[in-house]
A.B. asks: 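Mind having a look at this structure? Questions to follow.
Each chain gets a letter, A, B and so on, in the order its sequence line appears, and its residues count up from 1.
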Protein chains: 2
Amino acid sequence: MTQDGPERPANLPHAPTLEEVADLAGVSRSTASRAINGGLKVSPEAQAAVDAAVAELGYTPNRAARTLVTRRTDSIALVVPEPDEKVLNDPYFAGTLQGLSAALAETEIQLILLIARRGDEAHRTTRYLRNGHVDGAVIVSHHRDDALESVLAQSRLPCVFVGRPWTTPRPVQYVDVNNYLGGRRATEHLIATGCRRIATIAGPLDMAAGVDRLAGWRQALQDAHLSDTAMVRGDFTAASGAAATEQLLAAHPDVDGLFAASDLMASGALGVLARHGRRVPQDVRVIGFDDLGVAASTNPPLTTMANPVVEMSRVAGELLLEQIARRATSVEPRIFSAEVVVRESA
Amino acid sequence: MTQDGPERPANLPHAPTLEEVADLAGVSRSTASRAINGGLKVSPEAQAAVDAAVAELGYTPNRAARTLVTRRTDSIALVVPEPDEKVLNDPYFAGTLQGLSAALAETEIQLILLIARRGDEAHRTTRYLRNGHVDGAVIVSHHRDDALESVLAQSRLPCVFVGRPWTTPRPVQYVDVNNYLGGRRATEHLIATGCRRIATIAGPLDMAAGVDRLAGWRQALQDAHLSDTAMVRGDFTAASGAAATEQLLAAHPDVDGLFAASDLMASGALGVLARHGRRVPQDVRVIGFDDLGVAASTNPPLTTMANPVVEMSRVAGELLLEQIARRATSVEPRIFSAEVVVRESA
DNA sequence: CTCCCCGGTGGGATCGCTCTCATGCACCGG
DNA sequence: CCGGTGCATGAGAGCGATCCCACCGGGGAG
């Protein structure tokens, strides 16, 4: 019946092509194509025949062939600067993935994880992004010196940042949580519950989230006429939080309140505080930032600022899809707010 | 100097094509192609001319066009069953990503994250995998009832499982840690440090890791003639660990040792134990499993079994690359061992 | 001297799809 | 009865790469 071409070994079944679907349905390639892509100007009979043929053969359009002509790739990149465990292990990243995957769930769009090594290999990433291998990109956790930002702004590739970009020669769309206000509210919560000597473990100062949360902390203290000198830097990880707390206790033994710019750092801090015999919250009140699972399972459970990462990156995904569909309404950033979640540590 | 073709709007720069490279280099498309792909049978002059042209134009081969003819996609899928936060938030997943990305770092191969929803949409995933959209797949965290396994075994798609698959009509390659031995050693460690009433919080019993660690726990207890009745199920998350511990304390108030099949569950357990006034390790010794960052920052720091996930999935990536290159040496599984990491909880 | 081999080259077919365009046909108003 | 309108259809031209094959010229073997 089927006469195998001599060029293809019989045991290696090849994916069905549109041509085969068309033959089986008794229509032309063109009609089959129309039926599969939305079905405009296709008679019900033809549509039904094609649908049946597709089901029977288990046909999936060859993405490469389609991409070649439409110049759409039906895939977007999630760009993560830095390959190391820092980013990947962060629940923030997991949340981004979850939100983005939710945004893409209804579409046929695939998610490509682009782990952008810095330095030499960086231009490989930017070239990949610029030369039409993806329809758009979501950039997460980027640092001040990432060249990405300007490269992407110059190229016409649709992209959305999760977290405020640094400079914008051409405005770039982004979603973010109001980190400044979050930092301020967290600190105000500490003040309201009686703290007078309030320290912070800041995030990396080459990331907007780090700078803004610190600024919020500072403003709240100045408004309350309290000292804003007890500051130590961390890098959002638990280990850095622990180390920072050691420094803090040595330099400012009188602290009675601590705002950590991430829950991971706060959890590191809790351990060190316990080891130093400081009770939380009786001796030192601690508030974190993020509330992405870690906070609920520390000891004591962590009071923190809820960071709507999942929702935020779902929106980022949707904005990107809009840009790609050229329905780009505006490049206005979408800012979410972080709310206090009271548990036991403050 | 550059004379823009009239057919394409000037403000929308198009990616350079091989043809343009060839023209600029003064050679034919064929020669340019050869020069770019390894340079066999290309004269040094031609090679140099092409290299220069590539650099000048910033040429990147059009992946779609290449894929169409070579039938390689230069991308592999990381298949994650279940979209929910459970998997994505697990440091195990982060470790997999890290290892895999390390294996691909030297290649031009892109990583596609395939989040496989179950039920209705499941066949969309398998169809995607079968119909040549990727060159291979790494499957992580799969469950007993995932249809994936048999589908993949039947298709000829190169694939490697991270974690032992359930059944293998045709042997499927995998990497794994020896969970049985890990569970046994963890329990033996508790026995050696004096525990006599040893409980476990097991992982999901539809995952090989859950079953095997439980079997190891049971064997160690039987060998030591101790009771193996104190078992509660969890799902690897911290919340489930906390809930399981509540049950455990109610049913078996005399426990003095606890083996949690994951660090997250162990950290949940630590919180509950503290709340019930049980001191760790004095009253109850606790040992976890994984050692992927969480363990070091619990309070007290968690004694656990080191699970070489990153290394393991790097090897998975390399095995996959070998399969793809048809240098598939064997389908022998690669088994790693989990070693005790002593901290303070046991 | 002739033949063949082989490194280097270019022409063209081809991968599977979409899209433009021409064609056929039914239906409507004039 | 005829020209126009519009829907459904099919033929054919590409998209940008790879790869097969024919070709060319020079050097070694017969």
Side-chain angles (χ1 to χ4, degrees), chain A residues 5-8 12-51 53-54 57-75 108 131-133 135, chain B residues 5 7-8 12-50 53-54 57-75 108 128 130-133 135:
Chain A
E7 67 282 51
R8 190 181 294 282
L12 231 167
H14 76 137
T17 72
L18 182 59
E19 190 98 43
E20 293 168 6
V21 170
D23 285 355
L24 184 60
V27 298
S28 72
R29 225 178 37 242
S30 310
T31 303
S33 176
R34 265 176 243 129
I36 285 164
N37 301 310
L40 263 74
K41 302 200 178 186
V42 175
S43 67
E45 307 83 59
Q47 182 73 53
V50 172
D51 287 348
V54 165
L57 297 176
Y59 171 77
T60 321
N62 181 316
R63 254 173 142 95
R66 176 179 279 178
T67 295
L68 192 54
V69 45
T70 60
R71 298 169 171 286
R72 273 182 296 109
T73 63
D74 287 329
S75 62
E108 292 282 292
N131 280 19
H133 296 305
D135 295 342
Chain B
E7 66 282 49
R8 191 178 294 280
L12 229 167
H14 77 138
T17 72
L18 182 59
E19 190 99 42
E20 292 169 8
V21 171
D23 284 356
L24 184 60
V27 298
S28 72
R29 226 175 41 241
S30 308
T31 303
S33 176
R34 274 185 294 255
I36 286 163
N37 301 310
L40 264 73
K41 303 199 179 184
V42 175
S43 67
E45 307 83 59
Q47 181 74 52
V50 172
V54 166
L57 297 177
Y59 171 78
T60 321
N62 180 316
R63 255 172 140 94
R66 178 179 276 179
T67 295
L68 192 54
V69 47
T70 61
R71 299 171 168 284
R72 272 182 295 108
T73 63
D74 288 329
S75 62
E108 291 281 291
Y128 182 84
R130 281 214 323 257
N131 281 17
H133 296 305
D135 295 342

A.B. asks: Quick one: A:Glu20 CD to C:dC15 P, roughly how many Å, whole number?
C.D. replies: 11 Å
A.B. asks: Quick one: pull up OG1 in A:Thr70 and CZ in A:Arg63 and give me the separation to the nearest 0.5 Å.
C.D. replies: 10.5 Å
A.B. asks: Measure CD1/B:Ile36 against P/D:dA17 and give the value in whole Å, please.
C.D. replies: 8 Å
A.B. asks: Could you tell me the separation between the CG atom of B:Asn131 and the C1' atom of C:dC15, rounded to a whole number of Å?
C.D. replies: 16 Å
A.B. asks: At their closest point, which heavy atom of A:Ala64 faces which heavy atom of B:Thr67, and how far apart are they?
C.D. replies: CB-CG2, 3.6 Å
A.B. asks: Take atom NZ of A:Lys41 and atom P of C:dC21, then tell me their distance rounded to the nearest Å.
C.D. replies: 13 Å
A.B. asks: Could you give the NE2-to-C1' distance, from A:His133 to D:dA17, as a whole number of Å?
C.D. replies: 12 Å
A.B. asks: Which distance, rounded to the nearest 0.5 Å, do you find between the CG of B:Leu18 and the CG of B:Asp23?
C.D. replies: 9.5 Å
A.B. asks: Below 3.5 Å, does any donor atom in the side chain of A:Arg29 face an acceptor in the base of C:dT18, or the other way round?
C.D. replies: yes
A.B. asks: From the options D:dA17, C:dC17, C:dT18, select the nucleotide whose nearest atom is closest to the side chain of A:Thr17.
C.D. replies: C:dC17
A.B. asks: Among the nucleotides D:dA17, C:dC19, D:dA8, which one has an atom lying closest to any side-chain atom of A:Val69?
C.D. replies: C:dC19
A.B. asks: Taking the nucleotide of DNA chain C with the nearest heavy atom to each, does A:Arg63 or B:Thr31 sit closer to the 5' end?
C.D. replies: B:Thr31
A.B. asks: Report the distance from atom CZ of B:Arg72 to atom P of D:dG16, rounded to the nearest whole Å.
C.D. replies: 19 Å
A.B. asks: Counting C-beta onward and ignoring hydrogens, is there a side-chain heavy-atom pair between B:Arg34 and B:Val42 closer than 4.5 Å?
C.D. replies: yes
A.B. asks: Closest heavy-atom contact between A:Asn37 and A:Arg66?
C.D. replies: OD1-NH2, 3.0 Å
A.B. asks: OP1 or OP2 of D:dC7 versus the side-chain N and O atoms of A:Ser43: is any pair under 4.0 Å?
C.D. replies: no
A.B. asks: Could you tell me the separation between the CD atom of B:Glu19 and the P atom of D:dC15, rounded to a whole number of Å?
C.D. replies: 10 Å
A.B. asks: Would you say the side chain of B:Arg34 and the base of C:dG10 hold a donor-acceptor pair, judged only by whether the two atoms sit under 3.5 Å apart?
C.D. replies: yes
A.B. asks: When you measure from the side chain of A:Thr70, which nucleotide among C:dC19, C:dG10, C:dC17 comes out closest?
C.D. replies: C:dC19
A.B. asks: Using a distance-only criterion (donor-acceptor N/O pair, under 3.5 Å, no hydrogens), is the base of D:dA11 paired with the side chain of A:Ser30?
C.D. replies: yes
A.B. asks: Side-chain N or O of B:Ser33 less than 4.0 angstrom from OP1 or OP2 on D:dT18?
C.D. replies: yes
A.B. asks: What is the distance, rounded to the nearest whole Å, between atom CZ of B:Arg66 and atom C1' of C:dG16?
C.D. replies: 18 Å
A.B. asks: With respect to the phosphate group of D:dG16, does any side-chain polar atom (N or O) of B:Tyr59 fall under 4.0 Å of OP1 or OP2?
C.D. replies: no
A.B. asks: Any side-chain heavy atom of B:Thr17 sitting closer than 4.5 Å to one from B:Asn62?
C.D. replies: no
A.B. asks: Quick one: which of D:dA17, D:dT9, C:dG16 gets closest to the side chain of B:Asn62?
C.D. replies: D:dA17
A.B. asks: Could you please name the option among C:dC15, D:dT9, C:dT18 that lies closest to any side-chain atom of B:Arg71?
C.D. replies: C:dC15
A.B. asks: For B:Ala64, answer base if it contacts any base atom (sugar-phosphate contacts may also be present), sugar-phosphate if it contacts only those atoms, and nothing otherwise; contact means non-hydrogen atoms under 4.0 Å.
C.D. replies: nothing
A.B. asks: 5'-most contact on DNA chain C: B:Leu68 or B:Val27, nearest heavy atom basis?
C.D. replies: B:Val27
